[in-house]
Participant: 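Pasting in a structure now, in structure tokens, and then I'll have a few things to ask.
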Amino acid sequence: MTWRALHRWLGLVAGAVALALGITGAILAVDPVSGSWQAVAAADDLPVATLAQRVAANVPGMEQIRRLPTGDVVAYSFDGNQARASRIDPADGHVRGAYEASALFRWVKNLHRSFLLGDPGRIAAAVIALAMLLLSVSGLTLTARRLGGWRRLTARVRGSLLQRIHVVTGRVAVAVLLLSSLTALYMSAVTFSLIPADADDEPDVASADSTQPDLRAKQLPLLLTLRSGDLRKLTFPAADDPEDVWHVETDQGMGWVDRRSGETLAWAPAATPQRLYDLVKLLHTGEGAWPWAVPLGLAGACIPLFWVTGLLMWWQARRQTPRIKDNAALTQADTLIFVASEGGTTWGFAEALHRALTRNGHRVHTSGLENFQTGAAARQIFVLAASYGDGQAPAHAAQALQRIASQPVGTASVTVLGFGDRQFNAFCGYAEALDHALRERGWQPLLPLEKIHQQSPQEFARWGEALAQALGEPLALDYVPRLPKTTALTLISRQHFPGAAGEPAVILRFQSTGLPRFDAGELIGIVPPGSPVPRYYSLACGWRDGFVEICVRKFPGGLCSGWLHTLEPGDTAPAFIKPNPEFVLGGTRKPAVLIGAGTGVAPLAGFIRRNQRRAPMHLYFGSRDPAKDFYFDREIQEWLKDHRLSSLKTAFSRVPDGGGYVQDALRGDTARVRELMTAGAIVRVCGSRAMSQGVAQTLDDILAPLHLSVARLKADGRYAEDIF
């Protein structure tokens with residue numbers, strides 16, 4: 001079983017019970033904190049003899065004094081036949097009031113320890129503790145793999161909001177959860193006598209001379225040397241048992257004292273098993289160390305969020321795995337589609353391909369990649385493979401490479417289509433590994449490996465066009481992503497730019513009413529009339545700006561861009577927000593190097609607009625003609641004046657002495673770029689794929705003397721791209 005499968009099933013099966021343990025543990029962590037804050041503790045250096053003398057003078061019928069883990073001193077006595085427990089002020093021994101442990105906390109503690117079921121419940125709790133231990137270890141392992149290694153465990157988390165919440169809450173809690181699981185297992189082993197925790201047998205001691213009067217506590221040498229800060233309990237000699245002696249327990253050990261002579265009859269230092277158990281109990285409960293109880297409580301409070309987000313991720317994956325209609329038997333199919341998907345979204349693309357090929361008369365069989373094999377009738381095989389984390393296989397396809405290696409090479413062609421996110425270093429790394437393995441085995445492709453960024457419907461449609469040409473038949477891939485609810489945005493204003501190459505652009509500003517919170521650099525999906533497929537545009541503003549602003553270049557034949565260019569103030573557009581967490585800059589105070597070309601300057605303008613803290617921001621902007629496509633020019637000049645923008649370097653490729661391309665602007669500012677990167681600057685790049693590749697190559701050249709590279713910056717979470 002893989003780590004991911006182990007983690008998933010442990011979370012689903014044991015998660016509900018662990019949820020109860022986490023909640024009750026968080027509640028119990030409140031007790032040592034509140035108790036310690038309210039306690040009236042004895043001075044650490046106060047002799048136990050003095051404390052006992054003060055209490056005995058104020059409480060008749062004394063039997064025992066206990067110092068609670070909170071520091072409170074409690075006296076147990078009998079008033080006639082009535083047992084009493086009293087809180088004591090150690091300063092003078094007077095009674096502060098009756099002591100009674102909280103019934104609520106006692107009930108919660110029993111629920112936490114044994115589910116109110118006694119020994120069977122304790123056994124169940126031990127099993128759950130073991131499951132939590134394995135869950136924590138598997139979670140740590142998966143987080144390390146997702147982030148690119150154990151050294152990257154503290155790196156910025158990537159993925160959807162749900163994934164980030166799940167990983168962050170798990171990462172915050174995992175160290176404490178590991179410790180809590182181990183200590184719970186140890187305490188359970190002690191409870192069932194699998195591990196010793198008691199000291200050696202108590203000595204057989206008794207007060208021999210019954211003719212002498214009892215000494216008072218302040219006359220006992222041992223009690224004079226012991227300090228109240230170490231006291232656990234002090235038991236007075238029973239009045240009706242002349243052979244009974246004083247018995248004292250401290251953190252250092254136990255002692256027995258003759259009630260008449262004051263002689264120390266025996267002293268037993270705390271045994272190693274007892275000291276170890278005391279430490280384990282403190283680490284597990286926080287009793288006696290309230291500052292430690294605080295992170296314990298917070299970790300327990302994280303468990304519900306951790307478990308719920310994990311459950312939602314599992315449910316999302318199940319919902320996004322469609323039931324394929326008209327799924328031919330593998331042995332009779334002429335076309336096979338195999339899918340590898342961690343979150344389930346890739347199945348939607350497979351379903352669209354399956355429908356299109358079936359409409360064309362093909363007998364198509366679609367299945368998970370773990371079932372890879374060939375049928376006698378198969379002529380075409382398609383592998384749609386998403387990468388998990390930094391180029392790893394989805395859980396269900398973990399053994400697919402080995403399965404492919406064991407299959408005989410057939411006559412069918414095998415084409416791989418990869419799905420991933422360019423923010424990860426190994427973009428579509430698993431698809432690349434599959435394609436390499438297939439070619440090594442001798443399988444021939446119908447099309448070369450293609451990679452789809454962030455489940456782009458447009459890129460998938462373009463791949464479909466290439467596939468149609470290769471097959472020699474028309475093919476309409478009607479992939480429709482599952483969209484969130486849209487909001488009708490009303491256009492407030494528009495600013496037109498003619499463009500230097502016959503491709504005009506507009507900056508459109510809409511009202512933001514009805515949208516959830518969003519940040520500059522996130523995406524807005526706009527659904528144009530006549531198409532269920534949204535087009536995504538980078539936001540040049542945040543929700544605090546009170547509007548939605550995008551910059552749209554009109555593409556020849558572009559359905560959405562053409563329609564947006566026709567909008568006038570007062571018109572509406574259906575839209576929704578799509579998070580883009582890897583690209584969003586956030587409220588960092590680190591220097592930022594912002595690199596954009598053409599309409600790619602829009603999210604960078606949004607970062608500068610929101611830079612109210614005046615963090616150092618340096619913009620490198622490239623376009624064709626400053627008179628026709630210098631987007632946000634007026635705003636940029638204002639931001640330079642009020643120091644939201646620290647510096648501006650431009651390059652215009654279609655005018656004399658314009659400076660060429662944005663890469664040239666970077667190269668001409670090499671010294672400053674190196675200085676900024678040495679200072680820990682964050683880089684954001686937005687524009688076309690060709691532009692981003694040129695920028696990456698230029699930066700690699702500039703940063704080589706610093707032993708830095710774009711790949712290293714991406715791995716460190718300092719470099720992100722928004723490519724279209």
Participant: Take I595 and M691, measure what side-chain contact (heavy atoms from CB on, under 4.5 Å) needs, and give me the verdict at the end.
Facilitator: CA-CA 10 Å; I595 306 168; M691 168 266 188; 4.0 Å; yes
Participant: Considering non-hydrogen atoms only, spot the tightest contact between T572 and A488 and give its length.
Facilitator: CB-CB, 4.4 Å
Participant: Under 3.5 Å, side chain of R494 to main-chain N/O of L567, donor-acceptor pair present?
Facilitator: yes
Participant: If we check salt bridge (Lys or Arg N to Asp or Glu O under 4.0 Å) with D545, which of these qualifies: R610, R517, R509?
Facilitator: R610
Participant: Determine whether I526 and L564 satisfy the following criterion, side-chain contact (heavy atoms from CB on, under 4.5 Å), listing intermediate values before the conclusion.
Facilitator: CA-CA 9 Å; I526 295 180; L564 286 172; 4.1 Å; yes
Participant: For A651 and Y661, which heavy atoms make the closest approach, and how far apart are they?
Facilitator: CB-O, 3.2 Å
Participant: Counting only N and O atoms by type, is there a donor-acceptor contact under 3.5 Å from the side chain of N580 to the main-chain atoms of G521?
Facilitator: yes
Participant: To the nearest 0.5 angstrom, please state how far the OG1 atom of T415 sits from the CD atom of E450.
Facilitator: 11.5 Å
Participant: When you look at E638 and D642, which way does the side-chain contact (heavy atoms from CB on, under 4.5 Å) test go after all the steps?
Facilitator: CA-CA 6 Å; E638 292 176 356; D642 69 8; 5.7 Å; no
Participant: Is any side-chain heavy atom of V339 closer than 4.5 Å to a side-chain heavy atom of L369?
Facilitator: no
Participant: Is there a side-chain contact between L477 and L353, using heavy atoms and a 4.5 Å cut-off?
Facilitator: yes
Participant: Given E721, which of R689, K714, Q693 fulfils the side chain to side chain donor-acceptor pair (under 3.5 Å) condition?
Facilitator: K714
Participant: Do Y536 and S456 come within less than 4.5 Å of each other through their side chains, counting heavy atoms only?
Facilitator: no
Participant: Does R718 pair with D716 as a salt bridge, N-O distance under 4.0 Å?
Facilitator: no
Participant: Go through F652 and F630 one step at a time and tell me if the ring-ring contact (aromatic ring centres under 6.0 Å, His included) criterion holds.
Facilitator: CA-CA 9 Å; F652 301 103; F630 194 165; 5.6 Å; yes
Participant: Does any N or O in the side chain of R654 come within less than 3.5 Å of the main-chain N or O of S623, such that one atom is a donor and the other an acceptor?
Facilitator: no
Participant: Please check: side-chain N/O of E459 versus main-chain N/O of H453, any donor-acceptor pairing under 3.5 Å?
Facilitator: yes
Participant: Roughly how far, to the nearest 0.5 Å, is CG of L384 from CD of E351?
Facilitator: 12.0 Å
Participant: Between A520 and F607, which heavy-atom pair has the shortest distance, and what is it?
Facilitator: O-CE2, 3.1 Å
Participant: Taking the side chain as C-beta and beyond, is there a heavy-atom pair between P579 and F518 under 4.5 Å?
Facilitator: no
Participant: Quick one: does R544's side chain have a donor or acceptor within less than 3.5 Å of a partner on G542's backbone?
Facilitator: no
Participant: I'd like to know if the side chain of D629 reaches the main chain of D625, judged simply by a donor and an acceptor atom lying under 3.5 Å from each other, with no hydrogens or angles considered.
Facilitator: yes
Participant: For residues N611 and R644, report the shortest heavy-atom separation together with the two atoms involved.
Facilitator: ND2-O, 2.7 Å
Participant: Flag the pair R609 and E549 as a salt bridge only when some basic side-chain nitrogen lies within less than 4.0 angstrom of an acidic carboxylate oxygen.
Facilitator: yes
Participant: Could you pull out the closest heavy-atom pair between L489 and A575, with the gap in Å?
Facilitator: CD1-CB, 3.7 Å
Participant: Starting at CG of L666, measure out to CG of D701 and round the result to the nearest 0.5 Å.
Facilitator: 11.0 Å
Participant: Anything under 30° is parallel, anything over 60° is perpendicular, the rest tilted; go ahead and classify F349 against F419.
Facilitator: tilted
Participant: Taking the side chain as everything from C-beta on, heavy atoms only, tell me whether V601 gets closer than 4.5 Å to F632.
Facilitator: yes
Participant: Within this structure, what is the CG-CE distance for the pair L645 and M617, rounded to the nearest 0.5 Å?
Facilitator: 9.0 Å
Participant: Check whether D700 reaches the backbone of V710 with its side chain - one donor and one acceptor, N or O, closer than 3.5 Å.
Facilitator: yes
Participant: Using a cut-off of 6.0 Å, state whether more than 12 heavy atoms not belonging to K578 lie near its atom NZ.
Facilitator: yes
Participant: Does E568 offer a backbone N or O that forms a donor-acceptor pair with the side chain of D571 under 3.5 Å?
Facilitator: yes
Participant: Do L515 and V548 have side chains that approach each other closer than 4.5 Å (heavy atoms only, starting at C-beta)?
Facilitator: yes
Participant: Under 4.5 Å between any side-chain heavy atoms of E432 and D435, yes or no?
Facilitator: no
Participant: Has the side chain of Q458 got a donor or acceptor atom that lies under 3.5 Å from a matching backbone atom of P534?
Facilitator: yes
Participant: Could you check whether any side-chain N or O of S341 sits under 3.5 Å from a backbone N or O of A386, counting only pairs where one atom can act as donor and the other as acceptor?
Facilitator: no
Participant: Can you tell me how far the CD1 atom of I524 sits from the CD1 atom of I577, to the nearest 0.5 Å?
Facilitator: 4.5 Å
Participant: Any chance you could measure I492, atom CD1, to Q511, atom CD, to the nearest 0.5 Å?
Facilitator: 5.0 Å
Participant: Kindly indicate, with the supporting measurements, whether the criterion side-chain contact (heavy atoms from CB on, under 4.5 Å) is fulfilled by L508 and Y537.
Facilitator: CA-CA 11 Å; L508 301 176; Y537 300 92; over 6 Å; no
Participant: Considering all heavy atoms of both residues, which atom of S493 and which atom of P569 are nearest to each other, and what is their separation?
Facilitator: CA-CG, 4.4 Å
Participant: What pairs meet the ring pair (Phe, Tyr, Trp, His ring centres under 6.0 Å) rule with one or both residues in residues 484-512, with sequence neighbours excluded?
Facilitator: F497-Y631
Participant: Would you say that R684 contacts P603 through its side chain, given a criterion of any heavy-atom pair below 4.5 Å between the two side chains?
Facilitator: no
